[in-house]
Undergrad: 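Below you'll find the structure I mean.
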Amino acid sequence: MLQLQVIRENKEEIIKALSKRNLDASSLLDNILQLDEKRRAVQTQLDAALAELNSLSKEIGMLFKTGKAQEANLLKEKTGTLKEDSKKLGEDLNTTAEELQALLYQIPNIPHISVPAGSTEDDNEEVFKEGNIPTLSGDALPHWELAKKYDIIDFELGVKIAGAGFPVYKGKGARLQRALISYFLDKNTEAGYKEIQVPHLVNEASGYGTGQLPDKEGQMYHVGADDLYLIPTAEVPVTNIFRNEIVNQKDFPICLTGYTPCFRREAGSYGAHVRGLNRLHQFDKVEIVRVEHPSKSYEALNGMVEHVKEILRDLKLPYRIIRLCGGDLGFTAALTYDFEVFSTAQDRWLEISSVSNFETYQANRLKLRFKDEHGKSQLAHTLNGSSLALPRVLAGILENYQTPEGIKIPEVLIPYTGFNMIN
RNA sequence: GGAGAAAUGGCAGAGUGGUCGAAUGCGGCAGUCUUGAAAACUGUUGAGGGUCACACCUCCGGGGGUUCGAAUCCCUCUUUCUCCGCCA
């Protein structure tokens, strides 16, 4: 959420920046500024009424204390209309503030200066590419065929138990997945991220804190009886650790990593591109989250990008990094780098990580602040990234590491799997 | 699930209708002293709105009510603790 004060002072710049998202925010911002002005005017009136009421009350108290009950009772009568007024003003203030809030929730984050203009993923900018794309024999299979061939992932069984998009991992498939999780967590821990385990269901306030609500309401599974949401990413519970917190500046950088399953309804996305592990309702992910001083957040973002690179180098997977264009950029992000692994057998790139800086957008919703050197509280910056999303890494490994004899296991994973071949 | 108790500032903990945004202790910050540190002493130290700056307003778990006046009384929700039951 953008800060009102920033909107007040930079309306034109914001409109211009948001046009990169193909959004014309001018009338929205005008409405906001108008409501903001109204809100402050009503607040001023209410404050004045309350101030008078307060001083009358004090006076009455004094009069009673000194035994002048008659005078006190006279004053009492004067409070009636003041109370009525302040009640009305209070109601007016509440509705105005709510309307204002609802509008503020509709504005996405301002794209970073480096974000390219554009409307679809075709306008994203490739910024880095590394790794060798293996040449596979002609009978190379996509991962869903390999999964069947070696009996390591059972999609049909998942359908029986839950539905499409809930695969069952079996035997060496399950073990490989667990190995990846452990490896990622170890790698992140070595890089200074503190491992934590968090709830997999979150309340509404948390959903608003990181911006999934109200923007992506329909994308999350909702448990109606308890009014909780299944997390679509660990970002939500992990970042919400800091909701309503004022952290110590000395604690920066705050670096956390956590493994969670992720649940996404993925309403409306069906078709050939979602076969196999490509798009699931439930999948595993290891996430890294950082809370940073505003002056350090882009340095931190680059650090996170380098970290994910290193993991992919370790796994010897061919990948590229793209900078998302304005049209593809997530609602809450200022700048996002996506990592994509080339899946040889499918002949396409699969997104396996998304690393973003949210600047103060989430922090403003979360009320996540820190005390600066002058003792003033300021909004912190939040960042996060996947390191990594499991299914597509798994797909990439299965497809790129397949041989006529079976699927080889990347060397760094062998200590975790205990085997070096799926056959 | 049943019965009871509680929720106050970073933490601990007072405060049962008026001058309480809130005693006191610890912690934090600044200073004095010291070669330096510790100790001791002194001062300072919640958040938000509002203002050029003041004034002023709001907040004692959330919401509502009583009252001229609520941290304090009432209702309700949530959470925590104790006991009982059940249970991975």
Side-chain angles (χ1 to χ4, degrees), chain A residues 1-9 32-104 197-209 213 223-229 237 240-252 254 261 291 360 362-380:
Chain A
M1 193 164 65
L2 303 184
Q3 292 161 269
L4 257 174
Q5 204 189 338
V6 175
I7 297 176
R8 274 182 220 143
E9 288 163 8
I32 284 171
L33 290 176
Q34 217 177 317
L35 273 175
D36 173 44
E37 217 162 290
K38 184 184 168 193
R39 204 218 86 229
R40 279 185 289 165
V42 175
Q43 176 92 62
T44 306
Q45 288 180 57
L46 176 61
D47 284 358
L50 289 175
E52 203 175 337
L53 212 46
N54 285 344
S55 75
L56 276 177
S57 295
K58 259 180 203 169
E59 225 174 300
I60 291 169
M62 291 300 258
L63 289 173
F64 272 123
K65 224 163 217 180
T66 50
K68 298 174 184 162
Q70 270 202 325
E71 283 177 54
N73 284 322
L74 265 171
L75 274 185
K76 268 196 200 182
E77 285 165 28
K78 287 173 69 178
T79 61
T81 51
L82 272 174
K83 281 178 82 175
E84 259 172 58
D85 287 354
S86 60
K87 190 170 182 183
K88 270 185 213 146
L89 287 167
E91 282 163 11
D92 195 8
L93 181 68
N94 282 343
T95 52
T96 309
E98 274 166 31
E99 283 171 43
L100 181 59
Q101 188 68 23
L103 291 186
L104 282 169
Q197 294 190 4
V198 289
H200 299 164
L201 279 79
V202 294
N203 56 28
E204 194 180 50
S206 295
Y208 273 94
L213 293 175
V223 183
D226 299 288
D227 200 18
L228 293 170
Y229 294 86
N240 270 281
I241 289 171
F242 303 100
R243 174 153 45 87
N244 266 321
E245 294 291 330
I246 300 177
V247 301
N248 201 322
Q249 194 172 196
K250 284 184 291 199
D251 295 335
F252 288 140
I254 296 171
V291 180
T360 58
Q362 290 182 329
N364 191 31
R365 290 193 176 192
L366 293 160
K367 306 223 180 319
L368 161 51
R369 294 147 293 169
F370 70 95
K371 281 254 192 274
D372 66 19
E373 50 278 4
H374 308 296
K376 289 203 68 168
S377 45
Q378 274 190 52
L379 293 173

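Throughout, protein chains are lettered first and strands after them, A, B, ... in sequence-line order, and every chain is numbered starting at 1. From a predicted model like this one, the values you see are computed outputs, not experimental measurements.
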Undergrad: Could you please name the option among A47(B), U51(B), G18(B) that lies closest to any side-chain atom of Arg40(A)?
TA: U51(B)
Undergrad: Which of these nucleotides, A47(B), C68(B), G49(B), is closest to any side-chain atom of Asp47(A)?
TA: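 Looking only at heavy atoms from C-beta outward on Asp47(A), the closest nucleotide is G49(B).
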Undergrad: Using only side-chain N and O atoms of Thr79(A), determine if any of them is under 4.0 Å from OP1 or OP2 of U67(B).
TA: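 No, because none of the side-chain N or O atoms of Thr79(A) sits under 4.0 Å from OP1 or OP2 of U67(B).
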Undergrad: Looking at Asn54(A), does any N or O in its side chain come under 4.0 Å of the phosphate oxygens OP1/OP2 on U58(B)?
TA: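 Affirmative; the distance criterion is met.
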Undergrad: Which nucleotide sits closest to the side chain of Ser377(A): A47(B), G65(B), C68(B)?
TA: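 Shortest atom-to-atom distance from the side chain points to A47(B).
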Undergrad: May I have the distance from Lys371(A) (atom NZ) to G10(B) (atom P), rounded to whole angstrom?
TA: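 To the nearest whole Å, that distance equals 9 Å.
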Undergrad: Looking only at side-chain N and O atoms, does Lys83(A) come under 4.0 Å of OP1 or OP2 in G69(B)?
TA: yes
Undergrad: With the side chain of Leu50(A) defined as its heavy atoms from C-beta on, choose the nearest nucleotide among G18(B), C57(B), A47(B).
TA: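 The nucleotide sitting nearest to the side chain is C57(B).
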Undergrad: Less than 4.0 Å between a side-chain N and a carboxylate O, is that true for Arg40(A) and Asp36(A)?
TA: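 So Asp36(A) pairs with Arg40(A) through a salt bridge.
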Undergrad: Would a distance-only check, ignoring hydrogens and angles, find a side-chain to backbone donor-acceptor pair under 3.5 Å from Glu245(A) to Leu368(A)?
TA: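 Between the backbone of Leu368(A) and the side chain of Glu245(A) there is no qualifying donor-acceptor contact (under 3.5 Å).
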Undergrad: Check every atom of G50(B), C29(B), A47(B) against the side chain of Arg8(A) and return the nucleotide holding the closest atom.
TA: G50(B)
Undergrad: Which nucleotide, in any strand shown, forms a Watson-Crick or G-U wobble pair with G18(B), with both distances under 3.5 Å?
TA: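 Result: C68(B).
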Undergrad: If you only use heavy atoms from C-beta on, which nucleotide in C68(B), G49(B), A47(B) is closest to the side chain of Ile246(A)?
TA: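 Per side-chain heavy atoms of Ile246(A), the pick is A47(B).
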Undergrad: Consider the side chain of Ala51(A), meaning its heavy atoms from C-beta on, and name the nucleotide among C56(B), U58(B), A47(B) that approaches it most closely.
TA: C56(B)
